[in-house]
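The structure appears right after this line, and notes come after that.
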Amino acid sequence: MARSDEAEAFFAAVYTAVQQIPAGRVTTYGHIAMLIGTPQRPRQVGVALKQLPADASAPFNNTNVPWQRVINAKGAISPRSQPSGSRNQATALQAEGVEVTRGALGEFTVDFAAYGWFPNDLPSDVSGDEGEDDEGENDEIRQ
DNA sequence: ATTGTGACGCGTT
DNA sequence: TAACGCGCCACAA
């Protein structure tokens with residue numbers, strides 16, 4: 001038990017929230033953090049996903065938790081120490097029909113307007129000019 | 001025990 | 001517009 005009870009609960013909350021993301025859609029670390037009531041720790045959400053066990057017998061593992069559907073607020077797949085990691089995520093998303101484009105820096109990006117999933121949705125506020133991020137998607141969370 | 005490192009995001013410079 | 005600073009906190013060294 002290397003992990004405190006509190007941390008364990010947080011990890012579980014993250015995994016559960018991520019499992020709500022519909023296939024073929026993506027959301028952000030910050031949004032997940034907000035959904036589980038800890039809007040100030042999007043970074044910890046990343047830690048939780050990073051620690052996701054590969055062991056298929058674990059309650060939460062990289063096969064039953066769609067970790068690939070979580071990207072950063074910039075709409076890009078977060079770069080990691082191991083380049084293969086982000087590339088791998090891009091492949092996983094494409095496999096479920098998500099269109100992934102490549103930036104000049106080799107950065108993989110996804111269009112939120114087309115694939116974003118934001119229950120209760122928040123808005124990207126926009127200051128009044130050219131807003132077109134509407135989406136009219138109403139997904140409800142239940143348990 | 002301490003220190004450094006991030007799969008983040010937002011406010012300030 | 002691009003950098004930088006900071007909060008947060010599990011993990012590896």
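Scope of the values below: all heavy atoms of this structure, side chains included, with no hydrogens, waters or symmetry mates. Proteins get letters first, then strands, A, B, ... in listed order; numbering begins at 1 in each.
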### Message
Let's go through A:Phe118 and A:Phe112 carefully: what are the C-alpha distance in whole Å and the side-chain angles of both, what is the deciding distance for side chain to side chain contact (heavy atoms under 4.5 Å, CB included) to 0.1 Å, and is it a yes or a no?
### Response
CA-CA 9 Å; A:Phe118 299 96; A:Phe112 282 137; 4.0 Å; yes
#### Entry: Atom CD of A:Glu99 with >12 non-hydrogen neighbours under 6.0 angstrom
no
### Query
What's the CZ-C1' distance between A:Arg43 and B:dC10, to the nearest Å?
13 Å
#### Entry: side chain to side chain contact (heavy atoms under 4.5 Å, CB included) partner of A:Ile32, the single match among A:Thr16, A:Val45, A:Thr38
A:Val45
### Query
side chain to side chain contact (heavy atoms under 4.5 Å, CB included) between A:Tyr115 and A:Arg69: does it pass, once the steps are laid out?
CA-CA 10 Å; A:Tyr115 304 99; A:Arg69 297 173 196 156; over 6 Å; no
### Task
Show your reasoning for whether side chain to side chain contact (heavy atoms under 4.5 Å, CB included) applies to A:Asn61 and A:Leu52.
CA-CA 6 Å; A:Asn61 58 70; A:Leu52 199 52; 5.5 Å; no
### Summary
So, with a heavy-atom separation below 4.0 Å from DNA chain B, the residues of residues 66-93 of chain A are A:Trp67, A:Asn72, A:Ala73, A:Ser78, A:Pro79, A:Arg80, A:Ser81, A:Gln89
### Query
Mind checking whether A:Phe11 and A:Phe60 have ring centres under 6.0 Å apart?
no
### Message
Tell me the interatomic distance from A:Gln44, atom CD, to C:dC8, atom P, rounded to whole angstroms.
### Response
10 Å
### Task
Specify the separation, in whole Å, of atom CG of A:Asn62 and atom P of B:dA7.
17 Å
### Task
Let me know the distance between OH of A:Tyr29 and C1' of B:dG6, rounded to the nearest Å.
11 Å
### Task
Could you measure between the two P atoms, the one in B:dG4 and the one in C:dG5, and give it in whole Å?
16 Å
### Task
Look at all strands and tell whether A:Phe10 reaches a base, only sugar-phosphate, or nothing, counting heavy atoms closer than 4.0 Å.
nothing
### Query
Does NZ or CZ of A:Arg41 come closer than 6.0 Å to the centre of the six-membered ring of A:Phe10, within 45° of the ring's axis?
yes
### Query
Could you state the NZ-C1' distance from A:Lys50 to C:dA12, rounded to the nearest angstrom?
9 Å
### Message
Just the rounded figure in Å: distance from C1' of C:dC9 to CZ of A:Arg41.
### Response
7 Å
### Message
Let me spell it out: for each of A:Val47 and A:Pro42, pick the nucleotide of DNA chain C with the closest heavy atom. Which residue's pick is nearer the 5' end?
### Response
A:Pro42
## Note on the structure
Rounded to whole Å, NE2 of A:His31 lies from P of B:dC8 at a distance of 18 Å
### Task
Find the distance A:Met34:CE to C:dC8:C1' and express it as a whole number of Å.
18 Å
